[in-house]
Amino acid sequence: MNDRWCLQNVSLKYMLSDLTLFVRTLYLRVKQFEVIDPAAPVNTKWLPSHKLANGEQGFLLRSLPLAEIQPRLSVKSGFICYIPAQFERCYIDLAMTFEEYSNTFSAKSRSTIRRKIRKFNEFCNQNMHFEVYKNADEMQTFYQLARTLSEKTYQEKLLDAGLPDSEAFRQEMKEKAQQGQVRGYLLLNDKKPVAYMYCPIFDGVVLYQHLGFDPDYKKLSVGTILHWLVFENLFQESKFRFFDFTEGSSDHKQMYSTGRILCGNIFILENAFSMRFWIRCHMLVEDFSLGLGKLFDALGLKAKIKRFIRYGSG
């Protein structure tokens, strides 16, 4: 866990599904709970004790473990407490063997994954490759290949969540590699990268930080294949305590996980009229997006629309 507060410009995104309508930027003190610890007690008192300095608009506790579901909007000690996201943070317990982990899936699910791997290898003319990168030189090679791939992904184009293209990130990656605290993974069709995963490591916990795949290969389930091969490799390494899926609780994270911890992103904001207005607007957009998603789902259109937003008509 990171116990330090950092001053940051935080983007509060107003989104319909994967489409960002507009962004409100807030200047906040941020504390990031970077890794999970299932054995740690949950702190029920999370309001900051110190005051805001000039220009600061509030605090953000990102991915804070919670003892129970909290009110979405409340006022505490004169601050607006807004929790737009409460989610089950998923993880894999790496203390077991890969065989034990595999057996947590049904025989049908295991068969489906093996069939996808076999099908992709056939597509590659038996030249499917899975590569693991660890030291500084290897991570530089990984970065060059994965960065080019990241530019094609919907994660980068729509969500601004691609592999960062900055000198600060590259330097951080190099330092972590020198300390043995990062892993890079690539799935390749012969020499062509088609899916990547970037995972820094904190206190024996492997973090699911950056992921992407070539949209031209989406029908070949390259993301699913990469996940399975990464997990198999981590169990074989036998060095780490957990694989932490970080924020969010999407279907694939829940499917792969062996445990979950309730977490939330908590905005603690100055109680001003303008702030109340923007928070209410954010709630309205979130509710409208959720309702629209449920309607499209009932009509059998949700998956098709999301696929079109992410990949176009191809």
Side-chain angles (χ1 to χ4, degrees), residues 1-13 25-52 56-74 76-77 79-95 159-161 164 168-169 172-173 175-176 179 181-183 197-211 234 240-250 252-254 256-269 279 282 286:
M1 181 191 303
N2 181 1
D3 291 323
R4 295 176 302 169
W5 291 93
C6 300
L7 282 170
Q8 295 179 12
N9 285 315
V10 176
S11 296
L12 187 62
K13 295 183 179 181
T25 301
L26 303 173
Y27 189 52
L28 305 177
R29 286 185 179 267
V30 179
K31 182 183 283 188
Q32 173 76 44
F33 293 78
E34 290 179 303
V35 300
I36 53 92
D37 187 348
V42 176
N43 187 356
T44 57
K45 297 180 180 179
W46 35 260
L47 280 174
S49 57
H50 45 277
K51 296 181 180 179
L52 295 174
E56 297 173 14
Q57 296 174 283
F59 307 88
L60 171 59
L61 297 165
R62 191 181 292 279
S63 208
L64 173 72
L66 299 171
E68 58 187 3
I69 293 290
Q70 300 293 311
R72 185 181 180 193
L73 183 65
S74 61
K76 297 181 186 292
S77 300
F79 288 99
I80 301 169
C81 294
Y82 177 45
I83 312 180
Q86 297 182 65
F87 50 87
E88 290 184 315
R89 185 161 170 168
C90 300
Y91 65 90
I92 298 172
D93 185 350
L94 297 174
L159 306 179
D160 193 26
F169 177 82
E172 180 185 13
M173 180 186 71
E175 291 172 0
K176 287 186 178 299
Q179 299 164 7
Q181 296 299 300
V182 70
R183 294 290 184 271
M197 190 186 297
Y198 175 84
C199 300
I201 301 160
F202 292 87
D203 192 26
V205 178
V206 182
L207 294 184
Y208 184 69
Q209 193 166 91
H210 295 290
L211 171 80
L234 287 172
F240 309 115
R241 299 187 298 133
F242 302 103
F243 182 90
D244 181 356
F245 283 100
T246 67
E247 283 192 24
S249 53
S250 61
H252 80 280
K253 292 181 179 182
Q254 296 197 28
Y256 290 126
S257 68
T258 61
R260 302 166 194 172
I261 297 175
L262 178 66
C263 294
N265 293 333
I266 304 179
F267 288 83
I268 303 168
L269 305 168
I279 293 303
H282 192 266
E286 292 277 294

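With respect to D244, the side-chain contact (heavy atoms from CB on, under 4.5 Å) criterion is satisfied by exactly one of I261, L207, V206: L207. Applying the side-chain contact (heavy atoms from CB on, under 4.5 Å) test between V30 and each of L60, N9, L7 identifies L60 as the sole match.
In this structure, Q8 and Q32 have side chains that are not in contact, with every pair of non-hydrogen atoms separated by 4.5 Å or more. At a threshold of 4.5 Å between non-hydrogen side-chain atoms, the residues P48 and F79 do not count as touching. Looking at heavy atoms from C-beta onward, E175 lies out of side-chain contact with V182 at the 4.5 angstrom threshold.
Rounded to the nearest 0.5 angstrom, F243 CZ and R183 CZ are separated by 12.5 Å. Note that the CD1 atom of I268 and the CZ atom of R29 stand 12.5 Å from one another [nearest 0.5 Å]. To the nearest 0.5 angstrom, H282 atom NE2 is 7.0 Å from F267 atom CZ. Distance check: S257 OG to F245 CZ gives 6.5 Å after rounding to the nearest 0.5 Å. Put simply, NZ on K31 and CZ on R62 are 14.5 Å apart, with the number rounded to the nearest 0.5 Å. Going from atom CZ of F202 over to atom CD of Q181 covers 8.5 Å, rounded to the nearest 0.5 Å.
Separation of the Y208 and Y256 ring centroids does not fall under the 6.0 Å cut-off.
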Any chance you could lay out the side-chain contact (heavy atoms from CB on, under 4.5 Å) test for I92 and L234, step after step, and finish with the verdict? CA-CA 10 Å; I92 298 172; L234 287 172; over 6 Å; no
After noting the C-alpha distance and the side-chain angles of Q209 and T246, does the key distance pass the side-chain contact (heavy atoms from CB on, under 4.5 Å) rule? CA-CA 8 Å; Q209 193 166 91; T246 67; over 6 Å; no
Tell me, with the steps shown, if F59 and L28 meet side-chain contact (heavy atoms from CB on, under 4.5 Å). CA-CA 5 Å; F59 307 88; L28 305 177; 6.0 Å; no
V205 and Y91: CA distance, side-chain angles, deciding distance, side-chain contact (heavy atoms from CB on, under 4.5 Å) verdict: CA-CA 10 Å; V205 178; Y91 65 90; over 6 Å; no
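Nearest approach of L262 to E68, heavy atoms of both residues: CD2-C, 3.4 Å. The heavy-atom pair separating H210 from P164 by the smallest distance is NE2-CD, 3.5 Å. Here the shortest heavy-atom pairing between F87 and G264 reads CE2-CA, 4.3 Å. Considering all non-hydrogen atoms of both residues, F242 and D93 come closest at CD2-CA, 3.8 Å. Listed here is the closest heavy atom pair of N265 and S63: OD1-N, 2.8 Å. The shortest heavy-atom contact between Q57 and L26 is OE1-CA, 3.3 Å.
Salt bridge status for K253 with E88: absent, with no side-chain N to carboxylate O gap under 4.0 Å.
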